[in-house]
Amino acid sequence: MGKTINILSIDGGGIRGILPATFLAALEERLQQVKNDPNIRLSDYFDFITGTSTGGLLTCVYLAPDETDAKRPRFTARQAAEFYFAYGGSSFTAQENAGFHKYSPEGLEAQLRLFFKDLKLSQLIKPCCITAYDLIHTEPYLFLSHKAVGDPRSDFFIRSVIRSTSALPGVFPPAKANSMAERPYTFVDGSIFAYNPAFFAYMQAKITFPQADSFFLLSLGTGLATTAYTDAQTDDNSEKNWARMLANIAFDAHSDMVNFQLDDIFKNKPASTYIRLQPSLHGLNKEMDNVAVDNITSLASAGEGFVKTNEKTLSDIVELLTRD
């Protein structure tokens with residue numbers, strides 16, 4: 001049997017990305033302990049990473065090259081989790097006389113330019129897939145780092161990639177981005193069609209590694225609301241209320257359907273493994289744009305609690321990643 005291809009997929013979810021980020025920080029640190037090597041990074045064990053929205057941001061942070069060694073990652077997974085504390089508040093800048101889109105993109109764009117400078121998609125250290133929706137050609141668009149290598153038509157600045165995958169209608173206005181070949185695009189958030197991008201992760205990994213006969217897919221969510229909608233919510237006929245409710249319903253339904261499909265696919269592949277982890281949002285604010293310090297702190301604490309309650313699963317993941 002050949003090498004198992006390890007895939008990581010991270011859902012959309014705005015500031016709630018701190019939940020999977022906290023779990024992945026613990027996973028990286030556990031790998032370091034097991035291998036007795038503090039220099040180990042997630043990218044040493046995952047062959048392919050996929051993300052939507054906040055998951056796309058994390059993908060780029062995990063795969064950004066070091067400034068002195070283009071083959072090694074610049075950041076630790078713990079630093080990726082800390083990104084939300086450092087940049088969350090300044091990324092969501094309320095628009096004056098806001099219409100449908102709540103926030104100006106200026107704060108986010110400034111932080112992305114500061115953080116990633118002129119880093120390009122083609123420079124990421126491992127193959128990855130980041131989702132967006134192309135409004136000009138009215139179709140899903142996949143930013144593929146391995147496809148961007150040597151192809152300026154598919155290559156973009158990382159700051160443009162993240163801005164595009166984060167342009168959720170109602171939150172940020174559409175993102176206008178040019179490829180390195182100066183081809184213009186207008187994008188909105190990939191959550192429109194891939195809130196849970198795990199199916200795309202699996203399919204693209206199969207294309208990228210056509211000789212592989214086994215896969216390990218780790219899919220991480222950004223929190224599941226476990227409380228039912230109240231009568232007050234369903235009786236509120238305002239456009240704003242129902243726009244929010246329909247978006248949440250669509251995201252949750254899509255996530256569940258992808259999980260169901262992958263469960264069905266992997267149960268017929270005994271040499272492959274699929275793990276889906278979804279923290280509960282019970283007692284937490286489920287809004288994607290609540291960047292108050294106390295909310296970010298609560299999410300981080302919930303993330304640490306999720307790690308503790310999933311110690312066995314964390315150990316199983318480490319074993320799967322480090323098997324010969």
Side-chain angles (χ1 to χ4, degrees), residues 6-12 14-15 17-18 20-29 31-32 37-88 90-91 107-132 142-152 154-166 175 177 179-180 187 190 197 201 204-205 208 218 220:
N6 298 320
I7 312 164
L8 172 62
S9 176
I10 312 170
D11 287 12
I15 200 65
I18 198 169
T22 302
F23 185 86
L24 289 168
L27 174 58
E28 183 175 272
E29 289 160 3
L31 287 167
Q32 293 169 351
D37 184 354
N39 295 314
I40 279 177
R41 300 289 180 263
L42 292 174
S43 58
D44 293 320
Y45 286 92
F46 285 103
D47 304 290
F48 196 94
I49 304 181
T50 296
T52 290
S53 192
T54 197
L57 165 65
L58 288 171
T59 298
C60 291
V61 176
Y62 297 141
L63 299 180
D66 188 78
E67 293 177 329
T68 60
D69 185 348
K71 295 183 179 181
R72 294 298 299 162
R74 178 181 174 189
F75 304 104
T76 66
R78 184 63 61 182
Q79 287 173 316
E82 291 168 353
F83 181 95
Y84 293 94
F85 286 92
Y87 298 103
S90 55
S91 295
L108 175 61
E109 290 172 355
Q111 297 300 337
L112 293 176
R113 185 177 293 274
L114 176 67
F115 201 75
F116 291 101
K117 300 181 175 63
D118 288 336
L119 182 68
K120 298 175 184 177
L121 181 64
S122 58
Q123 294 175 280
L124 298 183
I125 62 177
K126 283 288 184 73
C128 72
C129 170
I130 298 170
T131 67
L142 304 180
F143 293 100
L144 301 170
S145 61
H146 45 294
K147 183 179 179 182
V149 176
D151 182 4
S154 303
D155 203 5
F156 295 79
F157 288 121
I158 286 297
R159 60 177 186 265
S160 296
V161 173
I162 299 174
R163 170 70 178 90
S164 299
T165 193
S166 302
S179 70
M180 293 298 111
F187 294 113
Q204 287 299 318
T208 306
L218 174 61
L220 298 179

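What you are looking at is a predicted structure, and each value in this text was computed from that prediction instead of being measured. We number each residue from 1, following the sequence as shown.
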Mind checking the CG-CD spacing from Leu42 to Glu28? Nearest 0.5 Å is all I need.
-> 4.5 Å
In terms of heavy-atom contacts, Gln32 and Pro38 come closest through NE2-O, 3.2 Å
Ser90 and Gln111: side chain donor to acceptor below 3.5 Å | yes
Applying side chain to side chain contact (heavy atoms under 4.5 Å, CB included) between Leu57 and each of Tyr62, Tyr87, Phe116, report the one that passes.
-> Phe116
So, Arg159 and Asp118, do they make that salt bridge, N to O below 4.0 Å?
-> yes
Expected output: side-chain Asp155 to main-chain Met180 donor-acceptor under 3.5 Å | no
Verify, without hydrogens or angle tests, whether Asp47 (side chain) and Asn6 (backbone) share a donor-acceptor contact under 3.5 angstrom.
-> yes
Criterion side chain to side chain contact (heavy atoms under 4.5 Å, CB included) on Phe156 and Lys120, from CA distance to verdict | CA-CA 6 Å; Phe156 295 79; Lys120 298 175 184 177; over 6 Å; no
Tell me, do Thr76 and Arg41 make a side-chain contact under 4.5 Å, heavy atoms counted?
-> yes
Please check if the side chain of Lys126 supplies one atom and the backbone of Phe46 the other of a donor-acceptor pair under 3.5 Å.
-> yes
Verdict with reasoning, Phe83 to Phe115, per ring pair (Phe, Tyr, Trp, His ring centres under 6.0 Å) | CA-CA 10 Å; Phe83 181 95; Phe115 201 75; 4.8 Å; yes
Any Lys/Arg nitrogen of Asp44 or Arg72 sitting under 4.0 Å from an Asp/Glu carboxylate oxygen of the other?
-> yes
Once you round to the nearest 0.5 Å, how far does CD of Glu109 lie from OG of Ser166?
-> 10.5 Å
Sidechain-backbone polar pair: Thr165 side chain, Thr131 backbone, donor-acceptor under 3.5 Å = yes
So CZ of Arg78 and CG of Leu24: to nearest 0.5 Å the spacing works out to 10.5 Å
Hey, is CZ on Arg113 packed in by over 12 heavy atoms from elsewhere, all under 6.0 Å?
-> no
Atom OG of Ser179 and atom CG of Leu121: how far apart are they, to the nearest 0.5 Å?
-> 11.0 Å
